[in-house]
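Each remark here refers to the structure printed beneath this line.
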Amino acid sequence: MKKTLFEKVWEKHTVGELPDGSTQLLIGTHLLHEVTSPQAFGMLRTLKLGVKHPERTFATVDHIIPTLDRSEPYPDATAYEMLLHLRKNCADYGITFFDVNTGKQGVIHIVAPEEGVIHPGMTVACGDSHTATHGAFGAIAFGIGTSQVRNVLATQTLSFKKLKVRRVNVNGKLGTGVYPKDVALHIIRLLGVNGGIGYAYEFGGQVFDDMSMEGRMTVCNMAIEGGARIGYINPDEKTFEYLKGRPYAPSADKWNEAVEYWKSMASDEGCEYDDVVDIDGSSIEPSVTWGVNPSQTIFVSENVPDPSSISDDAERRDAKDALAYMKLSPNAPIAGTKIDVAFIGSCTNGRISDFEEAAKFLKGKKVAKSVKALAVPGSQIVDAIARSKGIDKIFTEAGFEWRNAGCSMCLAMNEDKLVGDQICASSSNRNFKGRQGSPTGRTILMSPVMVAAAAVNGKISDCRNM
């Protein structure tokens with residue numbers, strides 16, 4: 001019987017079926033950060049339990065870490081306590097910790113792929129919703145809560161109900177100025193923030209075949225924003241080339257065997273899906289959000305929607321509420337909307353290719369005087385590569401602040417926050433109310449190059465015209 005990658009991985013990792021109809025799954029790799037793990041370790045200690053497979057567990061610090069002064073102790077006592085807890089817990093239980101002094105610290109969903117920790121055909125869990133990122137490698141990866149973090153630490157297994165699989169085909173060629181972030185936002189716009197509930201998304205088609213591994217990570221990262229618990233792409237030669245030689249990739253004598261296994265895990269030609277969606281990639285334009293969730297997205301060439309034209313009552317109410325919060329007018333062009341802050345970074349767009357593309361645009365240009373612009377590499381390795389190529393200098397000469405690695409303004413759990421009702425052009429993944437640190441702050445999501453264009457012009461701008 002022909003099967004999807006999801007079905008193959010599920011079957012190979014099934015430990016048993018539970019009375020409530022869920023499956024007990026073996027978790028191949030468990031990722032940790034400082035925010036969702038302290039309570040989980042506390043529960044282990046209370047129950048006098050150990051960590052079942054510390055060699056399958058990897059940790060870093062990302063959410064709370066300052067991006068300016070890293071000297072300890074941190075000014076934020078709670079943040080520093082979280083770091084100390086994670087440092088101690090990893091030492092006590094023998095868990096690999098990519099600490100600040102290792103040169104490998106960064107956002108967990110950027111660090112793990114850099115280290116070659118994630119392989120095709122794996123199950124991956126982390127106490128963070130954007131764990132779907134790792135599906136770019138043909139892994140089944142999902143976010144979990146703190147009590148589930150405890151369960152994985154103690155048993156290396158997890159109870160999980162099987163999902164349906166939707167194939168999302170994006171074919172054709174992307175136009176100039178259109179990036180993986182635009183593809184992700186367009187998919188969510190079409191299918192909705194709840195469209196993926198109960199599904200794993202399998203992304204495929206020419207656009208994904210052509211896309212780099214870093215681009216694939218961007219789209220899988222945002223699967224959760226469309227309601228899908230899991231988003232993945234079948235492994236191919238690009239996947240294998242990316243992994244080859246990385247610290248936790250199979251050794252040379254086991255490489256060929258590993259690749260053959262990885263190939264066997266890809267979805268079979270002619271397998272059946274629960275649903276199939278086809279999208280014309282050539283029709284996608286640079287995209288920006290206008291509201292307070294990622295589905296409230298339009299092309300930069302379009303006007304802000306008029307709620308009165310929306311037939312569904314709930315959607316119409318949501319649109320009115322979003323426009324009131326964002327202080328945008330119906331039918332007005334989104335291009336030209338003034339911004340106060342520009343942010344490039346996050347687990348969605350904090351990789352080296354994101355900064356390379358933005359640097360091409362920024363070279364020789366200057367950030368508008370009215371804009372505060374932050375560039376935050378997703379890891380210390382991204383930072384080192386950028387510095388070796390002079391990319392950091394292009395950013396700083398343009399007027400960006402080049403910061404240390406971390407989550408930064410994506411969710412504002414450190415000092416990087418919006419103030420008042422500032423509006424931010426952001427390459428991150430969520431534009432929820434208050435997401436970037438101010439209860440009245442406003443977020444407009446877009447690609448890194450679009451953020452750079454907005455920073456230079458001081459307003460939302462079509463990068464294709466610049």
query: With a cut-off of 6.0 Å (strictly less than), are more than 12 heavy atoms of other residues, nucleotides or ligands near NZ of Lys52?
result: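 Counting neighbours around NZ of Lys52, 12 or fewer heavy atoms of other residues, nucleotides or ligands fall under 6.0 Å, so no.
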- request: Tell me, yes or no, whether the heavy-atom count around Lys459 atom NZ, taken from other residues, nucleotides or ligands under 6.0 Å, exceeds 12.
  value: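 At most 12 heavy atoms, drawn from other residues, nucleotides or ligands, come within 6.0 Å of this atom.
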task: Kindly say whether the aromatic ring centers of His109 and His130 come within a distance under 6.0 Å.
output: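 Not under 6.0 Å, so no.
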message: Between Tyr248 and Phe58, is the ring centroid distance below 6.0 Å?
response: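 Ring centroids of Tyr248 and Phe58 are less than 6.0 Å from each other.
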Closest non-hydrogen atom pair, [X] against [Y]:
X	Y	answer
Cys424	Leu418	CB-CD2, 3.7 Å
His13	Gly121	CE1-O, 3.0 Å
Val193	Pro294	CG1-CD, 4.2 Å

Side-chain donor-acceptor contact under 3.5 Å, [X] with [Y]:
X	Y	answer
Gln436	Thr443	yes
Ser22	Asp20	yes
Thr157	Gln24	yes
Thr67	Asn404	no
Glu214	Ser353	yes
Glu11	Thr14	no
Arg442	Thr337	no

Does [X] use its side chain to pair, donor to acceptor, with the backbone of [Y] at less than 3.5 Å?
X	Y	answer
His119	Gly116	yes
Arg56	Thr29	no
Thr57	His53	yes

Under 4.5 Å between any side-chain heavy atoms of [X] and [Y], yes or no?
X	Y	value
Lys393	Trp402	no
Arg216	Lys238	yes
Tyr179	Met450	no
Ile460	Val288	yes
Met265	Lys12	yes
Val371	Val341	no

Strictly below 4.0 Å, N to O, side chains only: are [X] and [Y] in salt-bridge contact?
X	Y	value
Lys244	Glu241	no
Glu202	Arg166	no
Lys327	Asp421	yes
Asp392	Arg403	no

CE on Met217 to CG on Asn349, rounded to 0.5 Å: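 Those atoms lie 11.5 Å apart.
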field: salt bridge (Lys or Arg N to Asp or Glu O under 4.0 Å) partners of residues 91-116, not counting sequence neighbours, each pair once
entry: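 Listed by first then second residue: Arg45-Asp92, Arg87-Asp99, Lys88-Asp92, Lys104-Glu115.
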Tell me whether the rings of [X] and [Y] are parallel (<30°), tilted (30 to 60°) or perpendicular (>60°).
X	Y	answer
Tyr199	Tyr201	tilted
Phe160	Phe142	tilted
Phe400	Phe395	perpendicular

query: Does Arg167 make a cation-pi contact with Phe203, if we ask for NZ or CZ under 6.0 Å from the ring centre and within 45° of the axis?
result: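 Not satisfied by the 6.0 Å and 45° rule.
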message: Taking the cut-offs as 6.0 angstrom to the six-membered ring centre and 45 degrees off its axis, would you call Arg246 and Tyr242 a cation-pi pair?
response: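 Yes, Arg246 sits over the ring of Tyr242.
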task: May I have the step-by-step check of side-chain contact (heavy atoms from CB on, under 4.5 Å) for Cys126 and Ile144, ending in yes or no?
output: CA-CA 6 Å; Cys126 176; Ile144 57 178; 5.8 Å; no
message: Restricting to side-chain contact (heavy atoms from CB on, under 4.5 Å), what partner residues turn up for Pro235, sequence neighbours left out?
response: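 Pro235 satisfies side-chain contact (heavy atoms from CB on, under 4.5 Å) with Leu5, Pro120, Thr239, Phe240, Ala266 once adjacent residues are dropped.
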field: Intermediate values then yes/no, side chain to side chain donor-acceptor pair (under 3.5 Å), Gln296 and Thr289
entry: CA-CA 6 Å; Gln296 293 176 324; Thr289 55; over 6 Å; no
